[in-house]
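Throughout, a chain's letter reflects where its sequence line sits, starting with A, and its residues are numbered from 1.
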2 protein chains.
Amino acid sequence: MSAPNAEPAPVRVGRAGRSTRRAGGPTRPRVSHSLEAVLGGAVAILDEGGEDALTFRALAQHLGGGVASIYWYVANKQELLARAADHVLATLVAETRDVADPDPIGEIRALAVQLFDVVESRPWLAGYFMANSGLQPNSMRYYERVGRPLLRLDLTSQQRFHAVSAVVGFVIGTAADIGQEPPEELLDGSVARDEFLGRHADLWRALDADEFPFVHDIADAFAHHDDAEQFRAGLDLLLAGLRLQAMAPRPVGPEPREGGG
Amino acid sequence: MSAPNAEPAPVRVGRAGRSTRRAGGPTRPRVSHSLEAVLGGAVAILDEGGEDALTFRALAQHLGGGVASIYWYVANKQELLARAADHVLATLVAETRDVADPDPIGEIRALAVQLFDVVESRPWLAGYFMANSGLQPNSMRYYERVGRPLLRLDLTSQQRFHAVSAVVGFVIGTAADIGQEPPEELLDGSVARDEFLGRHADLWRALDADEFPFVHDIADAFAHHDDAEQFRAGLDLLLAGLRLQAMAPRPVGPEPREGGG
DNA sequence: ATCTCGACCGAACAACGTTCGATACATCGA
DNA sequence: TCGATGTATCGAACGTTGTTCGGTCGAGAT
């Protein structure tokens, strides 16, 4: 009720850094923020220390101000995260402006790989991408960007809807799975990635061979796998299926749920 | 240090309910727990009220005991969630015992749909499935279950590894996207699902037609979409791609990363 | 009866998200 | 120049959360 509405948060830029410190008081000099600064700070903290590191107190300290001030720009932590996620998506959308390919599916592939790269380097994104509030215009823009090449293919609207949802779902799911908080031993550099994977694979190989034939079969592949390559392999399966669908003749007769508006 | 190791947590069953209440004291009678009871209670609370509802105090009250007792069975909340997730996976693995199909890809499809159904009814699962600690034996069993049909196909180990990772990643990603906390108006029943989707679609249609041609194109499909159908459509694209790969001749010459042993 | 040790509990702690009332500052009309 | 106004910032507090600590209960062994 008394909290600022979801609406307001006027975007103002560049005013940060005006210090006007009071001459006599022991009180901390006032600081000026901006939505840009708040979101940028949030992203910086998320990138540095992951999801747990982002607290209002940490963000306030990062900005050099007080905790309560943040609530002027953001109604609660959920909105902070949603807006921060959309904030980094803005740069992704900007970068995808150049992407073009005579082959529509090739274009989608490029867009998906770009999204994967972003989410892989920022695992916290996965959880808040598509937090379907109205606070994420760039998420929608990306959705549009991926869907547009599909308009060039002979598909029904429903097939297009399913295709985009599948591609984005696949990217997010795989990236979330892959980008899970790596156990500290990896971050310390105390254990190399190869060794970590190798040890994990050894655990798999130690399982009963009759009960886990498949796990045994892929232990080697897992031990030497590359995340991005793994992602692209799955993506190509999905896109191969999509291409097949686009080449197949459309179903005959009136289609369910098509051409209404 | 003083917390119980990740190892111990001996599984004991059925002792709950022994009350032995002290005659004179105003103190609460002692209660006996078990790992089973703790995880079952956690799952019940998660199902009822979602991820936020699961607190140590709520769980303690549900069990009729004290807060600190839970830490005898579980080192921290992360482990509680990981074990709870694996706990429900146990029933999934049990149910998949019957699944069989002469067509390997048909079998995988059935398994994927089953997983989707579970995650859709328990959205909290998505985040903690594959929290690759060693605490989730059933997660691994499911992985094995999905991968086994692939042994019947003419693929490299790497291709099998990629395929399973793609299928599971797709299921989790789509389920997580779909099963996002529905806005309260839906839970209240105050707004029907159709109306909710319709209003959302109207927002899409209100966007600029030149800037968002694709969003306009799929607005109708979105307004009438069914989550499970949407999922299955994407899954079938992925599996079609996989079938194509299985039919294609294997690459010639020594394969990278294969058969090293 | 006593000892032992696995299992349980109450009470406390620090950290977190959030709120409240006070207050500084820029702007503007007089 | 002055005061009024509304925007933006802040310190301090509140309730809740995960987690820890020291103590205690009680079944089975001695």
Side-chain angles (χ1 to χ4, degrees), chain A residues 1-5 7-13 15-38 41-42 45 49 51-61 63-81, chain B residues 1-5 7-38 42 45 49 51-61 63-81:
Chain A
M1 274 297 190
S2 61
N5 221 340
E7 285 295 314
V11 178
R12 57 191 59 227
V13 274
R15 278 220 272 157
R18 153 191 67 101
S19 75
T20 61
R21 65 196 62 184
R22 291 260 288 165
T27 67
R28 189 200 311 152
R30 284 222 157 181
V31 186
S32 201
H33 304 316
S34 71
L35 225 205
E36 277 293 312
V38 168
I45 293 177
E51 202 163 339
D52 293 337
L54 179 62
T55 69
F56 277 78
R57 281 168 243 266
L59 179 53
Q61 189 165 7
L63 297 171
V67 191
S69 310
I70 303 170
Y71 282 89
W72 181 258
Y73 298 96
V74 148
N76 49 42
K77 191 170 186 181
Q78 223 181 311
E79 185 182 324
L80 174 63
L81 279 159
Chain B
M1 272 297 189
S2 62
N5 223 338
E7 285 294 316
V11 178
R12 59 190 56 227
V13 273
R15 276 220 274 157
R18 158 189 65 101
S19 77
T20 62
R21 64 195 60 185
R22 287 263 287 170
T27 66
R28 189 201 313 152
R30 285 219 156 182
V31 185
S32 199
H33 303 316
S34 70
L35 224 205
E36 279 291 311
V38 168
I45 293 176
E51 201 162 340
D52 292 338
L54 179 62
T55 68
F56 276 77
R57 279 169 245 266
L59 179 52
Q61 188 164 8
L63 297 171
V67 191
S69 309
I70 302 170
Y71 283 89
W72 181 258
Y73 298 96
V74 149
N76 50 41
K77 191 170 188 182
Q78 222 182 315
E79 185 183 321
L80 174 64
L81 280 160

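In this entry the distance linking CD of A/Q61 with C1' of D/dT9 reads 17 Å, nearest Å. In this structure, B/L54 places its CG atom 17 Å from P of D/dT16, rounding to the nearest Å. One interatomic measurement links the two molecules: CG of A/L35 to P of D/dT7, which rounds to 16 Å at whole-angstrom precision. Rounded to whole Å, the distance from CZ on B/F56 to C1' on C/dC9 is 15 Å. The distance between atom CZ of A/R57 and atom C1' of D/dG11, rounded to the nearest whole Å, is 12 Å.
Phosphate proximity of C/dC9 to B/S69: present, with a side-chain N or O under 4.0 Å from OP1 or OP2. Look at A/Y71 and you won't find any side-chain N or O under 4.0 angstrom from OP1 or OP2 of D/dC10. Between C/dC8 and B/W72, no contact under 4.0 Å exists linking OP1 or OP2 to a side-chain N or O.
The residue among B/A68 and B/K77 whose nearest nucleotide of DNA chain D is located toward the 5' end is B/K77.
If you check every strand for non-hydrogen atoms under 4.0 Å, A/L80 touches nothing.
Of the inter-residue distances, the one linking A/Y71 atom OH with A/K77 atom NZ reads 9.0 Å to the nearest 0.5 angstrom.
Here the shortest heavy-atom pairing between A/V38 and A/L59 reads O-CD1, 3.9 Å.
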